[in-house]
Amino acid sequence: MKLYHIILIMLVVFFLEGTVFYWMIPDSMVGTIVPRFMLLFVVFSALYRDRRTATLLGFGFGLLHDLVYYEKLIGIQAFTMAGIGYLLGQVLERKRSDLLIAIIAVAVASILFDFSNFLLYRIFRLNDLPLAYAIGKYFFPNIVFQSVFAIISYVPLRKWFESSVTRRYEDDLD
Amino acid sequence: MIAFVVFIGGIGLSMKERQKLSIPESVIMDSVGTLQQFLYRPASYITEFFVNMANLRQVYEENAQLRKTAAAYARDKNRFAIIDQQNTRLQEALHFTERQKNMYDYRYLIAQVVAVSNDPLNPTIRINLGSQDGIKTNMAVVTVDGLVGLVSRVDRYYSNVMPFTQLDERSTASKAISATAQGRESTSFGVIENYDEVSGFLSMNKINQDDPLSVGDTIISSGLGEVFPQGIVIGKVVSRQVGDFGLTHTAKIEPAADLDHLTEVFVIEVR
């Protein structure tokens with residue numbers, strides 16, 4: 001599978017995220033469970049490809065999200081997703097991580113993402129949620145939700161990203 | 001480190017009040033909106049179908065209630081027609097200007113929701129009306145139940161709606177809505193400025209101490225600012241207490257509209 005195939009899949013998932021998946025969340029869970037499949041892709045690309053791809057994918061899809069759902073700020077998600085992709089790539093890239101490491105990475109990415117977003121909106125004075133409330137309301141449920149999705153999508157995502165590394169590209173990296 | 005500084009600076013730049021979007025932004029927003037539209041609506045139809053199947057029993061009760069409301073409406077319509085005629089006649093007699101006559105003449109534009117971001121810090125509802133259809137920023141968006149929010153970004157064919165949950169008196173990018181109580185339009189006044197995420201209530205501030213506003217009143221927008229239309233249902237008063245500085249009162253208001261899983265909304269155009 002080539003990288004641009006994966007990007008196409010990501011685009012489709014991006015569209016589904018705000019539409020079909022939003023409707024699959026029950027009424028009481030809206031605002032508690034937030035589907036963030038782009039983050040999942042970014043984490044897997046950091047684990048099974050390299051940090052450069054992860055940073056670029058994170059930046060690109062973060063920016064797309066920011067533009068499409070533009071309310072007050074552009075670039076929050078672009079910044080946090082690129083940062084998470086880079087950090088995780090720095091630590092774990094091409095380490096042949098197994099399922100457990102992948103789940104932990106996704107959970108860490110989820111909490112990093114929520115926390116840095118929370119902090120950035122706080123810096124710009126657009127957010128006055130108490131931190132303790134936010135943790136209970138959506139930080140924690142999201143870790144669980146994101147991890148469950150990591151388990152479900154582990155096999156295909158790993159296969160896609162590992163097979164996307166071409167031979168010549170691999171030589172470049174070594 | 002440099003990347004970090006540039007990033008935060010860039011984010012800050014995007015915060016200022018922007019009336020028009022740049023070309024790449026609007027191209028992306030339009031093309032994404034078109035695709036989202038094809039996904040959101042089937043998804044909503046399917047989900048609603050199953051929900052409706054489950055609620056079949058409630059439909060009978062609802063139907064009976066609606067019939068009663070329809071009868072009341074038919075009665076009121078005759079009265080309304082007479083009062084409307086009388087009002088027009090009086091306005092003519094008192095030499096109202098054209099602008100004053102059209103002040104409360106609103107146009108309800110129906111819009112379909114195309115996508116929703118339920119990010120807790122940046123919730124956005126995207127609708128399929130844009131500047132092409134005469135949408136401008138800060139127009140009120142309502143459902144049949146009541147206020148949903150304000151139009152925050154307008155694009156050519158789509159626009160983003162800021163839900164009322166984002167109203168925040170301490171925020172730099174928030175708005176305030178002047179409001180009054182239904183049936184006491186000339187005596188009650190307050191400003192809706194804040195939404196408390198934890199309790200789920202809106203707060204109406206700057207209420208006069210001897211204002212007759214009481215628990216259970218329906219709060220509607222007063223239209224005194226002439227930007228925001230008059231008579232939009234916002235919610236019901238739950239409690240009233242002395243405000244932060246002791247000079248004015250603050251009321252807690254339970255919002256009337258449910259923001260979860262919207263399909264159709266109305267944008268109110270003030271002429």
Side-chain angles (χ1 to χ4, degrees), chain A residues 11-12 14-36 55 59 63-80 82-83 86 114 117-118 120-130 132-134 136-139 142, chain B residues 3-4 7-8 10-15 18 21 24-25 28-29 32-33 35-48 51 114-126 152-153 155 158 160-162 165-166 168-174 194 196-198 258-261:
Chain A
L11 271 175
V12 171
F14 176 81
F15 292 131
L16 294 175
E17 196 180 78
T19 54
V20 176
F21 283 109
Y22 171 69
W23 274 92
M24 287 166 117
I25 305 168
D27 264 6
S28 56
M29 287 290 172
V30 171
T32 299
I33 291 176
V34 188
R36 281 182 185 131
T55 314
F59 179 76
L63 196 63
L64 184 64
H65 187 279
D66 282 331
L67 285 178
V68 170
Y69 301 107
Y70 181 19
E71 181 111 37
K72 292 160 193 152
L73 298 173
I74 285 186
I76 296 264
Q77 291 217 359
F79 175 68
T80 47
Y86 183 79
D114 278 334
N117 269 18
F118 187 88
L120 280 171
Y121 276 100
R122 184 52 70 75
I123 288 173
F124 288 103
R125 306 187 61 111
L126 295 169
N127 157 27
D128 61 345
L129 280 180
Y133 171 78
K137 167 90 181 169
Y138 69 94
F139 279 36
N142 266 329
Chain B
F4 185 79
F7 244 121
I8 302 291
I11 292 168
L13 279 182
S14 71
M15 193 165 77
R18 293 169 66 193
L21 299 176
E25 278 175 70
I28 290 174
M29 285 179 87
V32 170
L35 283 164
Q36 283 173 330
Q37 195 172 7
F38 288 115
L39 293 169
Y40 190 91
R41 287 169 71 181
S44 68
Y45 290 147
I46 292 165
T47 322
E48 280 189 337
V51 173
V114 294
V116 172
S117 153
N118 70 345
D119 190 339
L121 297 172
N122 180 33
T124 312
I125 301 161
R126 279 167 66 67
S152 58
R153 301 284 165 194
D155 181 29
Y158 299 91
N160 291 0
V161 177
M162 179 190 88
T165 53
Q166 288 298 96
D168 180 2
E169 56 194 338
R170 270 175 290 174
S171 157
T172 42
S174 184
N194 198 25
D196 185 16
E197 185 78 38
V198 182
D258 181 14
L259 296 185
D260 301 338
H261 296 147

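Lettering of chains follows the sequences in order, A, B, ..., and the numbering in each one begins at 1. Heavy-atom basis, side chains included; hydrogens, waters and symmetry copies ignored.
No part of B:Pro42 comes within reach of chain A, as not one of its non-hydrogen atoms sits under 4.5 angstrom from that chain. Residue contact with chain A, scored on non-hydrogen atoms closer than 4.5 Å, involves the side chain of B:Leu35 exclusively. Contact of A:Phe15 with chain B is made through backbone and side chain together, with heavy-atom distances under 4.5 Å. For a residue to count as touching a neighbouring chain, one of its non-hydrogen atoms must lie under 4.5 Å from one of that chain's; by this rule A:Phe139 does not touch chain B. The contact between A:Tyr121 and chain B is made entirely by side chain atoms (from C-beta outward), counting heavy-atom distances below 4.5 Å. Contact of B:Asp258 with chain A is made through the side chain alone, with heavy-atom distances under 4.5 Å. Looking at B:Leu259, only its backbone comes within 4.5 Å of chain A, counting heavy atoms on both sides. Using a 4.5 Å cut-off between heavy atoms, A:Tyr69 contacts chain B through both its backbone and its side chain. In this structure, chain B has a heavy atom under 4.5 Å from the side chain of A:Leu64, while its backbone stays farther away.
Proximity of B:Asp119 to A:Arg36: side-chain heavy atoms (C-beta onward) are separated by under 4.5 Å at one or more points. Inter-residue side-chain proximity for B:Ile46 and A:Trp23 is flagged as unmet; no heavy-atom pair is nearer than 4.5 Å. At least one side-chain heavy atom of A:Leu129 sits under 4.5 Å from a side-chain heavy atom of B:Leu121.
Shortest non-hydrogen contact noted between A:Thr19 and B:Ala115 is CG2-CB, 4.1 Å. Scanning both residues, A:Tyr133 and B:Glu197, for their nearest heavy atoms gives OH-O, 3.3 Å. Of all heavy-atom pairs spanning B:His261 and A:Pro26, the tightest one is CE1-C, 4.1 Å.
Using cut-offs of 30° and 60° on the angle between ring planes, the pair A:Tyr22 and B:Tyr40 is parallel.
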Next item on the list: List the steps and the verdict of side chain to side chain contact (heavy atoms under 4.5 Å, CB included) for A:Val68 and B:Gln36.
Entry: CA-CA 10 Å; A:Val68 170; B:Gln36 283 173 330; 3.9 Å; yes

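Among B:Thr165, B:Val114, B:Val161, B:Thr124, the residue with the largest count of heavy-atom pairs under 4.5 Å with chain A is B:Thr124.
Here the rule is side-chain contact (heavy atoms from CB on, under 4.5 Å) with A:Ile25, and of B:Asn118, B:Asp260, B:Val116 only B:Asn118 fits it.
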